[in-house]
Amino acid sequence: MLPTLCALLPALTWVSSQKVLTQSPSVITDQGRTVSLDCNIAKDEGNYVSCSVVFGQGTKLIVTDSAVPAPVVTIFPPSSEELKSNKATLVCLANDMSSAFADVRWLVDGKAVSSGVTTGSAEQQPNKKFRLSSYLTIERSEWDKDKAITCEVSAASKATTKEIKKSECSD
């Protein structure tokens, strides 16, 4: 499989002036496994390259250069309508990611939480970058305690953290 990867990566040099390179269909290795290549090149928009190589059904190798920008993250507070049901869902929106692969982590007062978290799959934007949404649902009483709620998004070795508190939101 390593020889296949070594054969695919030199293609990055050739595509430096292109926007998107997708090697399709997948290459079948001598052991009957598949390898696919997808690159997002934005040379004229900031000089960065991001490629993902997927081996078979799940092993992903993401190759980026150091100029890849961090994702742009925004947190939205719960709606006043939802708060009437004693639930509070916060939305973390990550935009302009160079890769479709990202890790999202929620923290409440600095402690990681996984209960009540739902994260969707990344979607490609018109600018060929990716976005994804993650949701944290907590009890309204937790929101009313004015705890610091943080969403951290890591993509292509760059992380962005945003924090929100009830006291910082307008009613």
Side-chain angles (χ1 to χ4, degrees), residues 12 16 18-22 36-54 58-171:
L12 294 177
S16 64
Q18 303 295 313
K19 285 287 190 186
V20 176
L21 167 73
T22 301
S36 61
L37 170 70
D38 181 35
C39 292
N40 183 12
I41 292 115
K43 189 166 182 65
D44 61 331
E45 298 163 1
N47 293 326
Y48 70 84
V49 177
S50 174
C51 290
S52 60
V53 181
V54 180
T59 303
K60 296 175 181 87
L61 170 66
I62 300 170
V63 180
T64 62
D65 75 17
S66 60
V68 172
V72 176
V73 175
T74 307
I75 299 181
F76 297 97
S79 70
S80 55
E81 195 63 34
E82 183 191 33
L83 291 172
K84 293 175 186 174
S85 69
N86 290 323
K87 294 285 183 192
T89 300
L90 294 97
V91 179
C92 179
L93 181 63
N95 283 305
D96 295 335
M97 299 185 310
S98 60
S99 167
F101 308 108
D103 291 317
V104 179
R105 196 167 77 125
W106 286 94
L107 299 102
V108 176
D109 276 348
K111 296 179 182 145
V113 295
S114 56
S115 179
V117 173
T118 304
T119 301
S121 299
E123 300 173 354
Q124 195 165 32
Q125 299 172 253
N127 65 1
K128 303 295 183 199
K129 295 179 184 177
F130 295 87
R131 80 170 141 236
L132 69 76
S133 302
S134 183
Y135 307 88
L136 171 64
T137 302
I138 58 175
E139 296 296 323
R140 179 186 173 153
S141 60
E142 290 298 298
W143 176 246
D144 288 341
K145 291 177 185 172
D146 201 34
K147 294 184 175 187
I149 299 175
T150 305
C151 176
E152 179 182 275
V153 180
S154 300
S157 74
K158 301 285 175 114
T160 302
T161 301
K162 290 290 179 183
E163 181 181 286
I164 192 170
K165 294 174 91 174
K166 180 183 177 185
S167 62
E168 298 168 352
C169 300
S170 58
D171 291 334

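Because only heavy atoms are used, hydrogens play no part in the values below, and waters and symmetry mates are left out as well, while side chains stay in.
Atom OG1 of T119 and atom OH of Y135 lie 9.5 Å apart (nearest 0.5 Å). Atom CG of residue L132 and atom CG of residue L93 lie 8.0 Å apart, to the nearest 0.5 angstrom. Rounded to the nearest 0.5 Å, atoms CZ (R131) and CE (M97) are 10.0 Å apart. Distance CG/N95 to CD/Q125: 5.0 Å, rounded to 0.5 Å. How far CD1 of I75 is from NZ of K162: 8.5 Å, rounded to the nearest 0.5 Å. From K87, atom NZ reaches atom CD of E142 across 11.0 Å, with rounding to the nearest 0.5 Å.
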Run D144 and K166 through side chain to side chain contact (heavy atoms under 4.5 Å, CB included) and show every step you take. CA-CA 7 Å; D144 288 341; K166 180 183 177 185; 2.8 Å; yes
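Residue V113 is tested with L136, T150, I149, I138 for a side-chain contact (heavy atoms from CB on, under 4.5 Å); the sole match is L136.
Here the side chain of D96 pairs no donor or acceptor atom with the backbone of P71 at under 3.5 angstrom. Side chain of D146 to backbone of S167: a donor-acceptor contact under 3.5 angstrom is found.
Listed by chain and residue number, nothing satisfies the side-chain hydrogen bond (donor to acceptor under 3.5 Å, both in side chains) test with S80 (two or more places apart in sequence, or in another chain). In terms of the side-chain contact (heavy atoms from CB on, under 4.5 Å) criterion, residue partners of A112 (sequence neighbours excluded) are, by chain and number, R105. W143 pairs by the side-chain hydrogen bond (donor to acceptor under 3.5 Å, both in side chains) definition with nothing, not counting sequence neighbours.
A pairwise comparison of heavy atoms in L107 and G110 identifies CD2-O, 3.4 Å as the closest pair. Shortest non-hydrogen contact noted between A159 and S154 is CB-OG, 3.6 Å. E82 approaches P78 most closely through the heavy-atom pair OE1-CB, 3.8 Å. Scanning both residues, L83 and R140, for their nearest heavy atoms gives O-NH1, 3.1 Å. Of all heavy-atom pairs spanning W106 and S134, the tightest one is NE1-OG, 2.9 Å.
E81 CD: 12 or fewer foreign heavy atoms inside a 6.0 Å radius.
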